[in-house]
Amino acid sequence: MGKIDNSTYKAIKKDKKNKGMKTYEKGKYGHSKHHRNFKISMTVGLLLLILLDVIFSLLVFHTRKTIFVILACVLSIPFARNIIDVFMSLKATPLSEDEYKKTCELSENSDIKLYYDISVTEEEGMFYIPCAAVCNNNIICYTPNIADTKKREKLKGYLNELNTEEYNFRIFLTEKYSTFEKEIKKLKNPEVSQADLDREVLEKLLSMGF
């Protein structure tokens with residue numbers, strides 16, 4: 001099984017201290033689309049800088065052996081990384097607006113907070129969770145685009161890495177909305193101590209992808 005990148009976990013812990021909620025932060029509906037658009041903008045911007053550097057060097061100095069071409073070579077590294085991020089984000093398929101409204105009603109009626117646009121990146125690619133709940137020792141995921149049993153089991157294996165010797169969250173994945181709805185309705189709001197643990201596991205889950 002490939003390795004999961006948890007490098008953003010500390011950053012998320014730090015961001016938790018900030019007051020207010022950003023519109024497109026991780027776990028909010030629209031995050032994946034916003035992330036993709038941002039990465040596309042970054043990729044186009046870096047490409048333009050690389051081209052301008054090379055063209056400027058050729059027009060002004062009539063040679064590629066300048067510091068501007070060296071700068072262009074350096075910029076090619078983040079450019080390549082952003083291209084990879086763009087292709088990865090293209091695999092993300094968020095809920096439709098109608099589905100999102102249904103989940104909002106479900107969240108309001110059940111009093112259970114739902115999180116959206118969650119990704120789990122691995123060496124071979126990415127898994128995408130359009131909607132999930134982390135509540136009272138449960139991680140309930142709605143994955144309509146992962147109907148294959150082997151893929152679901154592989155994703156479940158990655159999510160099981162969130163568990164430790166101190167706690168063991170139940171992992172449940174389904175591609176059927178009706179089943180997801182039933183599972184959410186079974187959940188109960190946790191006590192304060194458990195709610196703190198739920199938030200900690202949620203932060204780890206959000207750190208598993210972009």
Side-chain angles (χ1 to χ4, degrees), residues 4 8-9 11-12 15-16 18-42 85-122 125-149 151-156 158-159 162 169-190 195 198-210:
I4 295 294
T8 58
Y9 176 56
I12 293 176
D15 289 342
K16 186 176 66 172
N18 297 331
K19 294 182 179 180
M21 297 288 283
K22 295 179 181 178
T23 305
Y24 297 113
E25 70 174 1
K26 286 187 175 184
K28 286 222 167 186
Y29 184 71
H31 167 74
S32 59
K33 183 178 180 180
H34 176 76
H35 175 83
R36 181 177 65 246
N37 291 340
F38 174 74
K39 287 298 179 179
I40 290 174
S41 299
M42 286 289 293
D85 287 342
V86 169
F87 281 111
M88 293 284 282
S89 62
L90 289 175
K91 297 179 181 179
T93 307
L95 298 178
S96 66
E97 290 188 8
D98 290 338
E99 285 182 308
Y100 174 59
K101 289 178 182 178
K102 286 172 62 177
T103 59
C104 287
E105 291 176 1
L106 174 62
S107 177
E108 185 176 350
N109 294 334
S110 61
D111 198 27
I112 300 298
K113 186 170 178 59
L114 299 179
Y115 302 92
Y116 300 90
D117 295 6
I118 299 170
S119 59
V120 177
T121 55
E122 56 164 353
M126 181 196 74
F127 289 100
Y128 185 72
I129 305 170
C131 186
V134 179
C135 179
N136 224 353
N137 264 46
N138 291 275
I139 300 177
I140 312 297
C141 302
Y142 176 45
T143 55
N145 297 317
I146 309 179
D148 184 73
T149 304
K151 289 183 178 180
R152 283 207 307 274
E153 287 301 313
K154 190 174 183 181
L155 174 57
K156 189 174 181 179
Y158 284 129
L159 297 180
L162 297 170
F169 275 61
R170 167 179 170 255
I171 312 295
F172 184 87
L173 282 72
T174 179
E175 77 280 12
K176 297 179 180 179
Y177 182 79
S178 58
T179 305
F180 176 72
E181 185 178 28
K182 289 178 182 177
E183 289 295 324
I184 295 300
K185 289 181 177 179
K186 291 179 184 177
L187 298 177
K188 296 181 180 180
N189 282 313
D198 288 346
R199 280 192 292 271
E200 180 180 341
V201 172
L202 172 66
E203 288 164 2
K204 289 183 178 180
L205 172 60
L206 296 179
S207 74
M208 297 176 80
F210 59 74

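We find the NZ-CG distance between Lys26 and Leu202 to be 11.0 Å, quoted to the nearest 0.5 Å. Met88 contributes atom CE, which lies 10.5 Å from atom CG of Leu90 (distance to the nearest 0.5 angstrom). From His31, atom NE2 reaches atom CG of Leu206 across 8.5 Å, with rounding to the nearest 0.5 Å. Here the CG atom belonging to Asn145 is positioned 5.0 Å from the OG1 atom belonging to Thr93, to the nearest 0.5 angstrom. Separating the CD1 atom in Ile184 from the CG atom in Asn138 is a distance of 8.5 Å, to the nearest 0.5 Å. In this structure, the separation between CZ on Phe180 and CD on Glu175 is 13.0 Å, given to the nearest 0.5 Å.
Across all their heavy atoms, Tyr29 and Glu97 have their closest contact at OH-N, 3.9 Å. Nearest approach of Asn189 to Asp111, heavy atoms of both residues: ND2-OD2, 2.8 Å. Closest approach of Tyr128 to Thr143, counting heavy atoms only: O-CG2, 4.3 Å. Of all heavy-atom pairs spanning Val86 and Ile40, the tightest one is CG2-N, 3.8 Å. Across all their heavy atoms, Ala132 and Ile118 have their closest contact at CB-CD1, 3.9 Å. Taking both residues in full, the closest heavy atoms of Phe210 and Ala92 are given as CZ-CB, 4.3 Å, listed atom of the first, atom of the second, then distance.
For the side-chain contact (heavy atoms from CB on, under 4.5 Å) with Ser89, the lone residue among His34, Lys33, His35 that qualifies is His35.
Side-chain atoms of Ser207 come within 3.5 Å of backbone N or O of Lys204 as a donor-acceptor pair.
Side-chain contact of Thr103 with Tyr142: a donor-acceptor pair under 3.5 Å is absent, judged by distance alone.
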(request) Check the pair Ile129 / Leu155 against side chain to side chain contact (heavy atoms under 4.5 Å, CB included), numbers first and verdict last. (result) CA-CA 10 Å; Ile129 305 170; Leu155 174 57; 4.1 Å; yes
(message) Working note: Met208 + Tyr158, criterion side chain to side chain contact (heavy atoms under 4.5 Å, CB included); need CA distance, chi angles, decisive distance, verdict.
(response) CA-CA 9 Å; Met208 297 176 80; Tyr158 284 129; 4.3 Å; yes
(request) Please report the C-alpha distance between Leu205 and Tyr115 in whole Å, then the side-chain angles of each, then the deciding distance to 0.1 Å, and finally whether the side chain to side chain contact (heavy atoms under 4.5 Å, CB included) criterion is met. (result) CA-CA 11 Å; Leu205 172 60; Tyr115 302 92; over 6 Å; no
(request) Check the pair Leu95 / Tyr177 against side chain to side chain contact (heavy atoms under 4.5 Å, CB included), numbers first and verdict last. (result) CA-CA 11 Å; Leu95 298 178; Tyr177 182 79; over 6 Å; no
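The shortest distance between side-chain heavy atoms of Leu114 and Tyr116 falls below 4.5 Å. Put simply, the side chain of Leu173 does not reach to within 4.5 Å of the side chain of Ile146, judged on heavy atoms. Contact of the Ser119 side chain with the Ser32 side chain is not registered, since no non-hydrogen atoms from C-beta on lie closer than 4.5 Å. With a 4.5 Å cut-off on side-chain heavy atoms, Leu159 and Phe169 do not count as touching.
Partners of Asp85 by side-chain hydrogen bond (donor to acceptor under 3.5 Å, both in side chains), not counting sequence neighbours, listed by chain and number: Lys39.
Sorted by first and then second residue, the salt bridge (charged side-chain N to carboxylate O under 4.0 Å, His left out) pairs involving residues 181-190 (not counting sequence neighbours) are Arg170-Glu183, Glu181-Lys185, Glu183-Lys186.
The local environment of CZ in Phe38 is sparse, with at most 12 non-hydrogen atoms from other residues, nucleotides or ligands closer than 6.0 Å.
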